[in-house]
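Only this structure's heavy atoms are used, side chains among them; waters, hydrogens and symmetry mates stay out. Numbering of residues begins at 1 and proceeds along the displayed sequence.
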Amino acid sequence: MADPKGFMTTPREEWPRRPAEERVRDWDEVYVPDALLPIVGAQADRCMDCGVPFCHEACPLGNLIPEWNDLVARSDWRAASERLHATNNFPEFTGRLCPAPCESGCVLAINQPAVTIKNVECAIADRAWAEGFTPPRPPDRLSGRTVAVIGSGPAGLAAAQQLTRAGHTVAVYERDDRIGGLLRYGIPAFKMEKHHLERRIDQMRTEGTRFRASTAVGRDVAADELRTRYDALVIAVGATAWRELPVPGRELAGIHQAMEYLPLANRVCEGDLERSPLSAAGKHVVIVGGGDTGADCLGTAVREGAASVTQLDIYAQPGAARDEEAEPWPTHPRLYRLSAAHEEARDLRSAPAADADARLFAASTLRFGGDAKGRVRSLHLVGVDAGRRPLAGTERSLPADLVLLALGFSGPGREDGLVDGLGVALEPRGTIARDRDFATNVPGVFAAGDAARGQSLVVWAIAEGRAVAAAVDRHLSGGATRLPSPVGPYDRPMTA
């Protein structure tokens, strides 16, 4: 470690956000520009370089966190970039989007604020691009083998880049008109501006990866045709089969899934639309679902000028400190966290009916009410206990002109015919079944990311993409690979 007393002398300081009143007037990232580098060296100095660094275990990528913390503290940005990119293809994505389970596993977090690992990671990635430390890495020679990657989210992109660099000829198929999957149309620009994505795609093109946008496998091109054209297929289409809310009034107009709403807002930012047809402007918005997707809807609705916006979370409000009995260190605990979107709603008082910031906790939807034209006008809810049982006398209603369902996803969608066309087996919960080598029941077809794991984090998607690339490389080369495999298909986050 650069300073053995750094964690004792330097308090935790995070990348400051712009004032809420300012940032909700645009779609730029919420952080103060150029405010991270002046503080990140001292923050990296807080890392204790533990003999047993649990942050490694908490991160599915196995990021070499103490190593690049030490290098940042010493201002050796090139070496820090090399150590960071040794385990992570896209640290500028995880540095902005990952909830940082590594920080929950930081040894300092036992009794102090953790090292700002996520901020340090982001600073290294941005500095690496600014200084030219991330040039394209095309292979020295081609293997003569071909791979189709279906889906261009973080798992698909990671798999494609690893396989391209290993010498295979890789084509990425994406059903949307632009490459990026959830990173493109699911994540709002205020969380990650799209130039970060474009930069990596350009790098991958230079390395030799080929991209086929506006091509839905199973609809625009037959799935079995790809099997005959390529030596291996990787399914990385994500979990797009959204969960429903079967309550009275669900048929009313104005009730939409989050992933119907968010892509349209992103298309406005891309310049495809002047105004979203589902814009929240002037509407009373209720978001059903307390996760990150719901928070993305919240931040988007506030920027669109909603009259009010409230987010319902069926769980009770968590505490500010770790419950050592239920979620001991180094697990990633459920805490009361204030995302940028929740901070904005709180400061701007966008949700006057909420318990805290924009959220109503321990709340379950009973039914929707509508007007004579069949449009939603209210949401009726009830308070629930820890077992999700309704509590007598807690029924109430909220005005609702637009309801967004953010209840998660169960597995890959079936509408394009990819799953059925290939004949891959599914698990009972709807995800793609695979063996310990990421292989499906169909020879030469592999699966990775949320399509097989189920809805998860961006860091797990990248780890799965790297791991499935190693499995495919072994399959194509007859049993040997030099590609890393950070996770297995049955690995899960640490729990008590």
Side-chain angles (χ1 to χ4, degrees), residues 2-3 6 9-47 63 65 67-85 88-100 102-103 113-135 183 187-203 266 269-270 295-296 299-300 302-303 337-344 347-348 458-459:
D3 182 358
T9 59
T10 304
R12 177 181 169 103
E13 184 178 1
E14 298 184 47
W15 192 356
R17 297 167 178 164
R18 296 185 287 143
E21 296 82 356
E22 172 191 322
R23 65 185 191 244
V24 297
R25 294 197 293 267
D26 59 48
W27 294 89
D28 298 339
E29 288 181 8
V30 300
Y31 298 105
V32 176
D34 303 319
L36 181 56
L37 283 179
I39 65 173
V40 78
Q43 292 303 304
D45 238 348
R46 296 183 70 240
C47 179
N63 279 333
I65 295 164
E67 295 183 34
W68 40 257
N69 273 332
D70 178 68
L71 292 164
V72 167
R74 300 175 188 277
S75 298
D76 191 345
W77 292 96
R78 181 183 293 275
S81 174
E82 290 173 356
R83 301 313 292 150
L84 177 57
H85 284 90
N88 189 350
N89 296 71
F90 314 122
E92 65 273 31
F93 301 170
T94 52
R96 288 172 167 83
L97 304 177
C98 182
C102 55
E103 294 187 14
V115 174
T116 56
I117 297 170
K118 178 178 173 178
N119 282 181
V120 177
E121 177 182 36
C122 196
I124 298 170
D126 289 353
R127 185 68 175 263
W129 281 108
E131 299 291 339
F133 298 154
T134 56
L183 297 169
I187 300 297
F190 59 80
K191 288 182 68 174
M192 188 183 79
E193 295 173 9
K194 304 309 172 185
H195 68 85
H196 300 292
L197 176 60
E198 295 289 357
R199 197 162 49 186
R200 282 295 178 186
I201 294 170
D202 289 343
Q203 180 194 57
N266 272 302
C269 294
E270 293 277 9
D296 292 345
T300 299
V302 169
R303 282 163 177 75
R337 294 181 171 93
L338 199 64
S339 73
H342 294 120
E343 183 182 64
E344 291 156 7
D347 291 355
L348 301 178
V458 62
V459 68

- Task: Check whether the side chains of T94 and E121 place a donor and an acceptor atom closer than 3.5 Å, and report yes or no.
- Result: yes
Counting only N and O atoms by type, is there a donor-acceptor contact under 3.5 Å from the side chain of [X] to the main-chain atoms of [Y]?
X: R23; Y: R18; answer: yes
X: D3; Y: D45; answer: no
X: W15; Y: Y31; answer: no
X: R46; Y: A114; answer: yes
X: K194; Y: L183; answer: yes
X: N88; Y: F90; answer: yes
X: E103; Y: K118; answer: yes
X: T116; Y: N119; answer: no

- Message: Between R17 and E343 (salt bridge meaning N to carboxylate O under 4.0 Å), is one present in this structure?
- Response: yes
- Message: Between E198 and R200 (salt bridge meaning N to carboxylate O under 4.0 Å), is one present in this structure?
- Response: no
- So do Q43 and T10 actually touch side chain to side chain, heavy atoms under 4.5 Å? yes
- Are T134 and R199 side-chain neighbours, meaning at least one heavy-atom pair lies under 4.5 Å? no
- Spatial distance of atom CZ (R83) from atom CG (N63) [nearest 0.5 Å]: 10.5 Å
- Item | Atom pair CG (D76) and CD1 (I124), whose distance is rounded to the nearest 0.5 Å | 10.5 Å
- Just jot down the ring pair (Phe, Tyr, Trp, His ring centres under 6.0 Å) partners of W77, sequence neighbours excluded, or say none. none
- Considering residues at least two apart in sequence or located in another chain, which fulfil the ring pair (Phe, Tyr, Trp, His ring centres under 6.0 Å) criterion with F133? none
- Sequence neighbours excluded - salt bridge (charged side-chain N to carboxylate O under 4.0 Å, His left out) pairs with any residue from residues 28-37: E29-R96
